[in-house]
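Shown next, in structure tokens, is the structure this report addresses.
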Amino acid sequence: MPLHFHNSLTRRTEPFAPMQPGQVGLYTCGPTVYNFAHIGNFRAYAFEDLLRRTLAFCGLKVTQVMNLTDVDDKTIRDSRQAGLPLAVFTQRFKDAFFLDLDALRIERAEVYPAATDHIPEMIVLIQTLLDKGVAYVGDDRSVYFSIAKCPRYGQLVHLQPEQMRGGGRVKNDEYAKESVADFALWKAWDAADGDVKWDSPWGPGRPGWHIECSAMSMEYLGPTFDLHTGGVDNMFPHHEDEIAQSEAANGVQFVRCWLHCAHLMVNGEKMSKSAGNFFTLRDLLAKGWNGRELRWVLLGCHYRQSLNFTFQGLADARTTLARLDDFIGRLREAQARPGAAAAPETTARLEQAVAEFQAGLEDDLNISATLAALFNLVRDLNKALDGNVFSGADARAALATLRRLDTVLATLDVDRADDEAPADIRQLADDRLAARKAKDFARADTLRQQLTTRGWTVEDTPAGPRLKKIGG
RNA sequence: GGCGCGGUAGCCAAGUGGUAAGGCAGAGGUCUGCAAAACCUUUAUUCAGCGGUUCGACUCCGCUCCGCGCCUCCA
């Protein structure tokens with residue numbers, strides 16, 4: 001089965017083939033850097049990571065662009081409140097964002113364009129829209145896009161302008177706009193903006209929110225590109241407006257396939273900054289969880305399914321990962337066994353696992369099927385390891401396969417450095433082994449308790465005692 | 001009011017017009033001085049409810065109930 005994705009535009013799951021064979025252009029809406037991103041935001045970035053890794057797994061070269069929104073109402077408001085220049089204020093949250101991406105093992109995009117570095121491109125685009133007569137300068141010197149000039153407006157969300165309920169903010173702009181649903185391309189400067197302003201043919205001001213994505217995707221991916229993603233809450237108005245602007249300016253289809261991920265929920269409700277019910281990655285790190293565990297939780301649920309975040313889920317992830325770690329540890333030990341070539345049945349089993357794994361991913365990132373392929377392999381190989389019919393070559397072949405699967409999952413840690421026990425810990429373990437051999441089990445248990453106290457656990461295997469760091 | 005998503009075992013979660021993947025937790029067993037880990041076995045006569053279509057539906061259609069999202073801050 002070739003790659004399939006659920007295209008929000010058609011609301012169908014369709015075969016995916018890039019415009020340029022072998023190369024995919026991917027635009028992923030990035031963060032507004034006015035605060036630390038919360039784990040609901042990271043759900044989207046983790047989904048996009050799974051997507052780009054899947055594309056690569058399927059042999060495609062990916063060019064991913066993720067914008068950094070570093071000028072908007074909130075960045076201006078909060079930087080002024082902090083008494084910092086906008087660029088200084090936003091830099092702090094850009095840095096934090098990348099640290100969090102690393103902790104979650106999210107692969108870097110090829111380009112992270114910042115809105116403030118692309119103002120001239122946006123001005124050119126806005127001028128094009130004015131020249132084409134689909135935009136106008138309002139009484140307030142702001143520039144608006146006229147959705148009345150855009151018959152296909154609403155194609156993504158299937159909303160008719162007359163069906164919309166007006167929101168509170170509409171009133172502020174109403175006097176300047178021809179229609180309440182028109183949106184700002186350029187916002188004229190006002191006192192609340194402080195020193196944040198750029199010169200334009202329409203006077204000082206700053207870009208509207210949607211225009212940056214149109215301008216920057218065009219800049220790096222061209223007028224038409226393959227994939228555009230974001231959270232479902234960005235479908236309207238953000239993505240709808242991007243389509244309107246871009247297609248009005250270029251006269252060609254903007255994006256061939258849109259993917260939207262569902263929300264992260266907490267206690268059955270959407271996690272959001274405005275609702276105040278959110279956790280950041282730092283919150284979880286402070287509670288003793290790590291990025292790998294959160295990554296497992298975020299990836300474990302299909303991207304179009306809402307994910308109810310719980311600490312029980314994190315705890316489940318921890319035990320699951322421990323089981324996988326133990327399995328990989330067994331394989332690494334088994335490499336020392338004799339055997340120069342992997343058995344045909346091992347090779348066949350590994351190939352089957354890769355095929356099932358890939359088939360799951362190709363089916364609109366069906367992570368459940370993907371992970372089932374992994375766990376079924378783990379079970380079968382554990383059984384083979386128990387049976388002692390598994391050679392060193394079999395183990396090496398299995399590890400190579402796991403490395404390949406981990407190019408997508410990025411959680412298996414096939415080649416992590418072993419936590420080498422310090423000398424004093426090894427001494428305790430040696431003493432315990434001696435006590436066991438002398439059948440002094442009371443002393444052996446005391447020594448094991450001492451190891452536990454110091455953060456190490458010891459497992460007696462047929463090959464001898466094995467030391468493991470607790471919670472490593 | 002408009003546009004959508006979802007309700008599958010204790011929890012999480014796939015899936016198919018022909019009779020329920022996988023993970024966590026639980027139970028029994030093998031192994032072990034005891035543990036731990038691993039492995040084996042086991043855990044939904046049933047897929048929100050009620051009708052309909054069908055030889056047969058959890059899967060298709062209709063209705064009902066419940067939860068959630070979007071309708072210009074939002075991943």
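Just so it is clear: chains get the letters A, B, ... in the order the sequence lines come, proteins before strands, and each one is counted from 1.
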Proximity to RNA chain B (any heavy atom under 4.0 Å), residues of residues 310-326 of chain A only: Asp316(A), Thr319(A), Thr320(A), Arg323(A), Asp326(A)

Partners passing ring-ring contact (aromatic ring centres under 6.0 Å, His included) against Tyr220(A) (at least two apart in sequence or in another chain): His118(A)

Residue list, side chain to side chain donor-acceptor pair (under 3.5 Å) with Asp325(A), at least two apart or on another chain: Arg292(A)

Nearest-Å distance for atom pair CG/P, residues Asn308(A) and C12(B): 8 Å

Partners passing ring-ring contact (aromatic ring centres under 6.0 Å, His included) against Phe327(A) (at least two apart in sequence or in another chain): none

Results of ring-ring contact (aromatic ring centres under 6.0 Å, His included) for Trp186(A) - residues two or more places apart only: Trp202(A)

Give the table of side-chain donor-acceptor pairs shorter than 3.5 Å for residues 28-39 of chain A, with sequence neighbours excluded, one pair per line with atom names and distance.
residue	atom	partner	partner atom	Å
Thr28(A)	OG1	Gln64(A)	NE2	3.0
Thr28(A)	OG1	Val65(A)	O	3.1
His38(A)	ND1	Gly40(A)	N	2.9
His38(A)	ND1	Asn41(A)	N	3.2
His38(A)	NE2	Asn41(A)	OD1	3.4

Touch class at under 4.0 angstrom, heavy-atom based, for Phe42(A) against every strand present: nothing

Pairs where residues 106-116 of chain A contributes a residue and the test salt bridge (Lys or Arg N to Asp or Glu O under 4.0 Å) is met, not counting sequence neighbours: Arg52(A)-Glu107(A), Arg52(A)-Glu110(A), Arg53(A)-Glu107(A), Asp102(A)-Arg108(A)

Under-4.0 Å salt bridge between Lys468(A) and Asp326(A): yes

Please write out the pairs of protein N or O atoms and N or O atoms of nucleotides 26-28 of chain B separated by less than 3.5 Å, giving the distance to one decimal.
none

Residue whose nearest RNA chain B nucleotide is more 5′ - His38(A) or Phe375(A): Phe375(A)

Touch class at under 4.0 angstrom, heavy-atom based, for Gln305(A) against every strand present: sugar-phosphate

Paired nucleotide for C65(B) [Watson-Crick or G-U wobble; both distances under 3.5 Å]: G7(B)

Partner set under side chain to side chain donor-acceptor pair (under 3.5 Å) for Thr320(A), not counting sequence neighbours: none

Qualifying residues under ring-ring contact (aromatic ring centres under 6.0 Å, His included), relative to Phe145(A), sequence neighbours excluded: Phe183(A)

Residue-phosphate contact under 4.0 Å: Asn382(A) side-chain N/O, C39(B) OP1/OP2: yes

Partners passing side chain to side chain donor-acceptor pair (under 3.5 Å) against Asp394(A) (at least two apart in sequence or in another chain): Thr346(A), Ser391(A)

Nucleotides 34-36 of chain B: which of its N/O atoms have a protein N/O under 3.5 Å away?
residue	atom	partner	partner atom	Å
C34(B)	O2	Arg448(A)	NH2	2.7
C34(B)	N3	Arg448(A)	NH1	3.3
C34(B)	N3	Arg448(A)	NH2	3.3
C34(B)	N4	Asp460(A)	OD2	3.0
A35(B)	N6	Asp460(A)	O	3.2
A35(B)	N1	Asp460(A)	N	3.1
A35(B)	N3	Arg448(A)	NH1	3.0
A36(B)	O2'	Glu459(A)	OE2	3.3
A36(B)	N1	Asp460(A)	O	3.4

Mate of U46(B) where both pairing distances stay under 3.5 Å, Watson-Crick or G-U: none

